[in-house]
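Residue numbers begin at 1 in each chain, while the letters A, B, ... track the order of the sequences. All heavy atoms count here, side chains included; hydrogens, waters and symmetry mates do not.
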There are 2 protein chains.
Amino acid sequence: MTWTIHHGDALAVLPTLPTASVGCIITDPPYNSGGRTATERRSDSIRGKYVNGNAKHALADFAGDNRDQRSFGYWLTLVLSECLRVAEPGASALVFTDWRQLPATSDALQAAGWTWRGVIPWRKPISRPCRDGFRRECEYVLWASSGPPARHPEPVYLPGLVEGSQPRGKERRHITQKPVAVLRQLVRVSPPGAVVLDPFAGAGSTGVAALAEDRAFIGCEITEHYATIARERLTAAAADGAGAVGEPVG
Amino acid sequence: MTWTIHHGDALAVLPTLPTASVGCIITDPPYNSGGRTATERRSDSIRGKYVNGNAKHALADFAGDNRDQRSFGYWLTLVLSECLRVAEPGASALVFTDWRQLPATSDALQAAGWTWRGVIPWRKPISRPCRDGFRRECEYVLWASSGPPARHPEPVYLPGLVEGSQPRGKERRHITQKPVAVLRQLVRVSPPGAVVLDPFAGAGSTGVAALAEDRAFIGCEITEHYATIARERLTAAAADGAGAVGEPVG
DNA sequence: AAGGGCGATGAATCTCTAT
DNA sequence: AATAGAGATTCATCGCCCT
C-alpha cells in the first residue's frame with residue numbers, strides 16, 4: 001500500500017488535501033493535560049510533564065502541547081472541521097484523549113460537525129497506581145462518523161475496549177507512542193483498502209498499523225525529527241508487507 | 001453496620017440530611033440516553049427504550065429518565081451540590097454514566113463544586129455488538145472529591161477499571177442493576193467505617209456492597225416498589241454480616 | 001459432581017412503513 | 001416533510017437443564 005508523510009502543521013497541510021478523499025481518520029492530538037494550572041501547562045518542556053525526572057530515555061519534546069483548555073477546544077475544532085471536509089461520507093474518526101480532555105474533545109468533534117458514536121477505552125496494563133484512589137489505567141478513543149457510517153462489504157464486529165502496553169526499550173521512539181497492535185484493531189473500522197489519515201502522525205505508528213491492515217496512509221507531522229522517524233518506520237513496514245512493494249508517495 | 005432507605009425524591013430528601021455527615025457518595029443517576037431523537041429519549045417506557053422487544057423478564061420501569069440534555073445537566077448539578085454539602089471534606093463521589101452523558105456528568109460534578117479526579121471504566125462482558133463498529137461494552141464511573149482527598153489510615157490501591165456482568169435470573173431486580181462485586185471495589189475508596197450515600201438507590205446494591213465492606217449506608221429511592229426491594233435486600237445483607245447484627249435505622 | 005449443550009439477552013441501533 | 005412506531009439485527013456470555 002502507498003503512504004505519504006507531510007512535514008508541516010496540520011492546519012497548513014490539511015487544506016491542501018482534496019475533499020472527500022480519505023476513508024478514516026485516526027489520531028492522537030497533543031492534549032495539554034497534566035499541569036493543573038495554565039502556567040504549568042504552558043511550561044516549555046513536555047518531558048517535565050510526562051516523564052519521570054530520572055527517566056533514562058532521551059526522547060525529543062513534541063510541539064503543540066502548551067494550549068490552555070479553551071484554545072485547545074477551539075484549535076481542535078478547526079483541525080477536526082478540516083478533517084471532516086477531507087473525509088468521505090460515512091468515514092469514521094478515532095481521536096485519542098485522556099480522561100481530563102475527554103469532554104472538550106467530544107465537544108470539538110461535534111462542533112466540527114462529526115456525529116459522536118461512542119468511546120473505546122484503551123487499557124494500559126503498565127500504569128501508575130494511586131494511593132487511596134483509582135489507578136490511572138486507561139486512555140480513551142472517541143469514535144465519530146461523518147454522517148451515517150458506511151457499511152462494509154463484509155461485516156466486522158470490533159471490541160469495545162482495546163488493551164496494550166506502550167512500546168518500551170528501543171521500540172519506543174515517541175513519548176506518547178501507541179502500540180501498533182491497538183492501532184491495528186482500530187484501523188479495522190475502515191473498509192479494507194481505505195485511506196487512513198493521521199494529522200498528528202508522531203513516530204508513524206498509525207501508518208504502520210494501516211499498512212499492516214492493507215490500508216493506505218497519509219500522515220502529517222510538524223516536528224522534522226519525528227517526520228524522519230515516521231518515514232523510516234513506514235519504509236520498513238511497507239517492505240514487511242507480504243509481497244507488497246512499499247511505494248512511498250509524495 | 002446501620003442502614004437507612006428514605007422513600008422520596010433525592011432533591012427532597014438530601015436537604016434533610018446534616019452537613020458534612022457522609023464519607024462517600026456512590027450513585028447511578030437516571031441518565032436519559034438511547035434514542036436518536038429527543039422525543040425517543042423522552043419516551044414514557046424504559047422497556048421500550050432499553051430492553052429487547054422479545055425479552056421475557058418483567059422488571060418495573062424506573063423514574064426520572066425523561067429529561068432532555070440541558071435539564072439533565074441542570075438537575076444533576078442541583079443534586080450533586082446537595083451531595084457536596086452533605087459530604088465531609090475529603091469525601092469521594094463516584095457517579096455512574098454512559099458514554100453519551102459522560103461530558104454532561106463531568107460538567108455537573110464540577111459545576112456543583114466537586115474536584116474531578118478521574119474516570120473508571122466499568123466493563124460489562126455481556127453487551128451488544130455493533131455492526132461495522134465498536135461494541136458498546138463499557139459504562140463509566142466518574143470519580144470526584146470534596147477538596148483534597150482524605151488519607152486512609154491504611155493505604156489502599158484501587159483498580160483503574162472494574163469488570164463484572166449484570167446480575168441475571170432471579171438475582172436481577174432492576175433494569176440497571178450493578179454487580180455487588182463491582183460496587184464493593186468502589187466502596188473501598190472511602191475509609192473503613194465511613195457512611196456511604198446513594199441518592200438513587202434503586203434495588204439497593206450500593207448498600208449491600210457498603211454493608212459487606214463494613215461501611216454504613218444511607219439510600220434514597222423515589223419508586224416505592226424499589227425502596228421495598230432495597231429494604232429487603234439490605235435486611236438480608238445485614239443479617240449475612242459476619243456476626244454483625246443488622247440494625248436498620250430510620 | 002462435573003461438564004456439555006441450548007437458549008435467552010443486553011441503560012440500542014438501524015431500516016422501513018404509516019401518519 | 002418531519003415524526004412516530006414496529007420489526008430485525010448481532011454475538012459473547014451466562015443461566016439452566018440434561019447427561
Side-chain angles (χ1 to χ4, degrees), chain A residues 89-90 92 115-120 143-145 147-152 154-163 185 188-189, chain B residues 27-69 72 76 95-105 121-142 162-183 198 200-203 205-206 223 226:
Chain A
S92 280
T115 304
W116 188 20
R117 305 205 57 219
V119 176
I120 305 111
W143 172 34
S145 65
R151 282 217 150 193
H152 290 214
E154 292 298 322
V156 290
Y157 293 89
L158 300 167
L161 181 139
V162 291
E163 300 196 47
Q185 295 198 281
R188 293 184 194 129
V189 78
Chain B
T27 198
D28 181 28
Y31 42 83
N32 42 284
S33 279
R36 258 170 322 154
T37 65
T39 317
E40 274 176 31
R41 274 195 294 274
R42 276 185 249 117
S43 107
D44 289 336
S45 161
I46 306 294
R47 276 190 66 97
K49 265 161 66 174
Y50 299 131
V51 180
N52 263 358
N54 53 357
K56 288 206 184 74
H57 64 71
L59 298 170
D61 279 1
F62 56 90
D65 198 71
N66 49 1
R67 294 178 177 86
D68 70 20
Q69 190 158 41
F72 169 76
L76 188 57
V95 183
F96 281 84
T97 181
D98 76 345
W99 64 273
R100 209 186 284 266
Q101 298 292 15
L102 195 161
T105 305
W122 167 35
R123 177 164 181 260
K124 299 180 287 187
I126 306 177
S127 49
R128 281 199 168 87
C130 176
R131 190 188 156 151
D132 299 337
F134 299 92
R135 176 179 282 268
R136 268 164 252 274
E137 193 164 342
C138 294
E139 286 183 38
Y140 300 91
V141 184
L142 299 197
V162 291
E163 300 195 49
S165 289
Q166 276 194 303
R168 300 185 128 196
K170 77 187 184 52
E171 290 295 302
R172 185 160 179 236
R173 315 296 293 273
H174 193 285
I175 293 180
T176 71
Q177 190 170 331
K178 309 288 174 281
V180 171
V182 163
L183 292 164
D198 183 351
F200 307 101
S205 303
T206 302
T223 305
Y226 288 120

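Across all their heavy atoms, Gln177(B) and Glu171(B) have their closest contact at NE2-O, 3.2 Å. The two residues Phe134(B) and Pro159(A) come nearest to each other via the heavy atoms CD2-O, 3.2 Å. Shortest non-hydrogen contact noted between Phe72(B) and Pro30(B) is CE1-O, 3.6 Å.
With dT13(C), dT13(D), dT9(C) as the choices, the nucleotide that has an atom nearest any side-chain atom of Lys56(B) turns out to be dT9(C). Taking every side-chain heavy atom of Ile126(B) into account, dT9(C) is the closest of dC14(C), dT9(C), dT10(D). Distance from the side chain of Tyr50(B) is smallest for dA12(C) among the nucleotides dT13(D), dA12(C), dT9(C). Candidate nucleotides dC11(D), dG10(C), dC14(C) were compared by shortest atom distance to the side chain of Arg172(B), and dG10(C) ranks first.
Contact annotation: Ser165(B) side-chain N/O to dC14(D) OP1/OP2 distance is under 4.0 Å. Note on His57(B): a side-chain N or O is less than 4.0 Å away from OP1 or OP2 of dG10(C).
Using a 4.0 Å heavy-atom distance criterion, Tyr31(B) is classed as a base contact. Nucleic acid contact class of Phe62(B) (heavy atoms, under 4.0 Å, all strands): base. Within the 4.0 angstrom heavy-atom criterion, no nucleotide atom of any strand lies near Arg151(A). When heavy atoms are screened at a 4.0 angstrom cut-off, Pro29(B) is found touching base atoms of the nucleic acid. The residue Thr176(B) sits close to a base: some heavy atom pair falls under 4.0 Å. Counting non-hydrogen atoms under 4.0 angstrom, Arg128(B) reaches a base of the nucleic acid. Within the nucleic acid shown, Pro148(A) has no heavy atom closer than 4.0 Å to any nucleic acid atom.
Using bins of under 30°, 30° to 60° and over 60° for the plane-to-plane angle, the ring pair His174(B)/Tyr226(B) lands in the tilted bin.
Residues Ser127(B) and Arg136(B) fail the side-chain proximity criterion, which asks for heavy atoms closer than 4.5 Å. At least one side-chain heavy atom of Arg151(A) sits under 4.5 Å from a side-chain heavy atom of Asp132(B).
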Criterion side chain to side chain contact (heavy atoms under 4.5 Å, CB included) on Gln101(B) and Glu139(B), from CA distance to verdict | CA-CA 10 Å; Gln101(B) 298 292 15; Glu139(B) 286 183 38; over 6 Å; no

Could you walk me through whether Arg67(B) and Leu76(B) pass the side chain to side chain contact (heavy atoms under 4.5 Å, CB included) check?
-> CA-CA 11 Å; Arg67(B) 294 178 177 86; Leu76(B) 188 57; over 6 Å; no

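Rounded to whole Å, the distance from NZ on Lys170(B) to P on dC14(D) is 18 Å. For the pair Arg135(B) CZ and dT9(D) P, the interatomic distance rounds to 18 Å; values are reported in whole Å. Summarising the geometry, the separation between CH2 on Trp99(B) and C1' on dG10(C) is reported as 16 Å, rounded to the nearest angstrom. At whole-Å resolution of the value, CD in Glu137(B) and C1' in dC11(D) are 11 Å apart. Whole-Å rounding puts the Glu171(B) CD to dA8(C) C1' distance at 17 Å. With rounding to whole Å, His152(A) atom NE2 is found 15 Å from dT10(D) atom P. Here dA12(C) presents its C1' atom at 11 Å from CZ of Arg117(A), a figure rounded to the nearest Å. We find that CD of Glu163(B) is positioned 20 Å from P of dG10(C), with the value rounded to whole Å.
A residue-by-residue look at Pro155(A) and Gly164(B) shows that Pro155(A) has its nearest nucleotide of DNA chain D further toward the 5' end. The 5' end of DNA chain D is approached more closely, in terms of each residue's nearest nucleotide, by Arg131(B) than by the other of Arg131(B) and Arg168(B).
Annotated stems with DNA chain C as a participant read C:2-10 with D:11-19, C:12-19 with D:2-9, given as range with range, by first number; only runs of 3 or more Watson-Crick or G-U pairs under 3.5 Å qualify.
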